[in-house]
Protein chains: 2
Amino acid sequence: MSNKDIFIEKLKASGLRPTKQRIAICKLLFQRKDTFHFTINNLNNILKNSSVEKISLATIYNTIHVFKKKGYLKEISINSYKSYFDTNVTHHHHFFNESTNEIIDLKDSDVGKIKIKKVIPGKKIKTIEVLVKIENSN
Amino acid sequence: MSNKDIFIEKLKASGLRPTKQRIAICKLLFQRKDTFHFTINNLNNILKNSSVEKISLATIYNTIHVFKKKGYLKEISINSYKSYFDTNVTHHHHFFNESTNEIIDLKDSDVGKIKIKKVIPGKKIKTIEVLVKIENSN
DNA sequence: TAATTAATTTATAATGATTCTAAAGTAGTG
DNA sequence: CACTACTTTAGAATCATTATAAATTAATTA
Ligand SMILES: [Mn+2]
Ligand SMILES: [Mn+2]
Ligand SMILES: [Zn+2]
Ligand SMILES: [Zn+2]
């Protein structure tokens, strides 16, 4: 199955028709081997500078939000300044380089087992997320 | 030293004159024994409903941001929907109850030692923050 | 104390990210 | 082609936050 077919599958599974705009967005998001962490603004800039015809912001927002709802993307909370999305939807953690604003994935197994010693009656743990803030060590 | 004196100290140390508006904000923030996690909107509502005369939003934003810069408050990233501030400026972690949107402090010692197994050359770790998402277990 | 200067508060305007809307365009079906 | 449904898009609306500038209050000086 070609990449394009995979994109078409994802779009259909999300209830979206495979238009050229949406396929261009899929290429950007899913045609890469490493995780992609991005803001809507990033995406818009990349799409503006790629040869393809311009895609409206509304379409970008809509598509990203549908993918998020479907589970093909997740939104991550790194800081209060920007809203980031993540193409890695498995459970994992992050390095955030405060010198460069770069986000790097940390595999679940890169973080030793975390033991939460406080229990809250009537509540259960859904997920544990670790954010490791780093900086250039000069 | 009275509470009010402490507020006046904090304000002065932050380069702000102790006006009645700012002292009212300080009371809300610092005159409590437990951590207070809040949004600007929370604060504004509480101040509106308290007997004191109305305080403008601009003053609230200004004061909170100066306290944040001074280190008397910190801003925490829980999700992308709201921006929260925290009166607990020590290093600590959080439970976030997704059923109620409630934020609860986890002492540093409530979380077992975290071992980050991935090293990034040229970078050093500043802080490690854990966010434990919980839900009502019914 | 009165006059002068500096800081503060406030209402309101500006900004910027996100969402909404409604008109024009495109695709699928027969 | 005719018909219908879905999509894209520009621009408007919304909402949180920040900026502005006039009016108020506080501090300092005479
Ligand atoms: Mn969003
Ligand atoms: Mn802020
Ligand atoms: Zn990631
Ligand atoms: Zn806290």
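Order of the sequence lines fixes the chain letters, A, B, ..., with proteins taken first and strands second; residue numbering starts at 1 for each chain. Just so it is clear, the values below take in all heavy atoms, side chains as well, and ignore hydrogens, waters and symmetry mates.
Across all non-hydrogen atoms, the minimal contact from Thr90(A) to Lys74(A) is O-NZ, 2.9 Å. Across every non-hydrogen atom of Phe36(B) and Thr87(B), the tightest pair is N-OG1, 2.8 Å. Residues Ser80(B) and Ser83(A) approach most closely at CB-OG, 4.1 Å, considering heavy atoms.
Listed by first then second residue, pairs satisfying side chain to side chain donor-acceptor pair (under 3.5 Å) with a partner in residues 114-125 of chain B read Asn136(A)-Lys123(B), not counting sequence neighbours.
Each end of the helix from dT1(C)-dA30(D) to dG30(C)-dC1(D) yields a helix axis from five base pairs, and these two axes differ in direction by 10° (to the nearest 10 degrees).
Here the side chain of Ile40(B) is nearest to one of dT17(D), dA11(C), dA10(D), namely dT17(D). When each of dT8(D), dT10(C), dA16(D) is scored by its nearest atom to the side-chain atoms of Gln21(A), the top-ranked nucleotide is dT8(D). Counting only heavy atoms from C-beta on, Ser56(B) has its side chain closest to dT9(C) among dT9(C), dT8(D), dT18(C).
Between His92(A) and the choices Asp110(A), Asp108(A), Asp86(A), the side chain to side chain donor-acceptor pair (under 3.5 Å) rule is met once, by Asp86(A).
Remark: the Ser2(A) side chain and the Asp5(A) side chain contain an N/O donor-acceptor pair separated by less than 3.5 Å. Looking only at atom types and distance, the side chain of Gln21(B) has no donor-acceptor partner in the side chain of Thr59(B) under 3.5 Å away.
Atom NZ of Lys12(B) is separated from atom P of dA26(D) by 14 Å (rounded to the nearest Å). Between Tyr84(B) atom OH and dT17(D) atom P there is a gap of 12 Å when expressed in whole angstrom units. Rounded to whole angstrom, the span from the CG atom of Asn44(A) across to the C1' atom of dT8(D) amounts to 14 Å. Between the CG atom of Leu57(B) and the C1' atom of dT18(D) there is a distance of 11 Å, given to the nearest Å. Tyr81(B) places its OH atom 16 Å from the C1' atom of dC15(D), with the value rounded to the nearest Å. The interatomic distance linking Ile55(B) (CD1) with dT25(D) (P) rounds to 14 Å, in whole Å. Nucleotide dT8(C) holds its P atom 12 Å from the CD1 atom of Ile23(B), rounded to whole Å. Here dT7(D) presents its P atom at 6 Å from CG of Leu16(A), a figure rounded to the nearest Å.
In this model, the phosphate group of dT10(C) is approached by a side-chain N or O of Thr59(B) to a distance below 4.0 Å at OP1 or OP2. Here His65(B) does not reach the OP1 or OP2 of dT17(D): none of its side-chain N or O atoms lies under 4.0 Å away. Side-chain nitrogen and oxygen atoms of Lys82(B) include none within less than 4.0 Å of the OP1 or OP2 phosphate oxygen of dA16(D). For Tyr61(A), no side-chain nitrogen or oxygen approaches OP1 or OP2 of dT19(C) to under 4.0 Å.
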When you look at Ile25(A) and Lys27(A), which way does the side chain to side chain contact (heavy atoms under 4.5 Å, CB included) test go after all the steps?
-> CA-CA 5 Å; Ile25(A) 293 172; Lys27(A) 278 188 183 139; over 6 Å; no
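In this structure, Phe38(A) and Phe85(A) have parallel ring planes: the angle between them is below the 30° cut-off, well short of the 60° mark.
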Quick one: what's the B/S/- string for nucleotides 24-30 of chain C, heavy-atom cutoff under 4.0 Å, read 5' to 3'?
-> ---S---
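For the pair Pro18(B) and Asn41(B), both in contact range of DNA chain D, the more 5′-proximal nearest nucleotide belongs to Asn41(B).
For the pair Lys10(B) and Tyr72(B), the cation-pi test (distance below 6.0 Å, angle within 45°) is passed.
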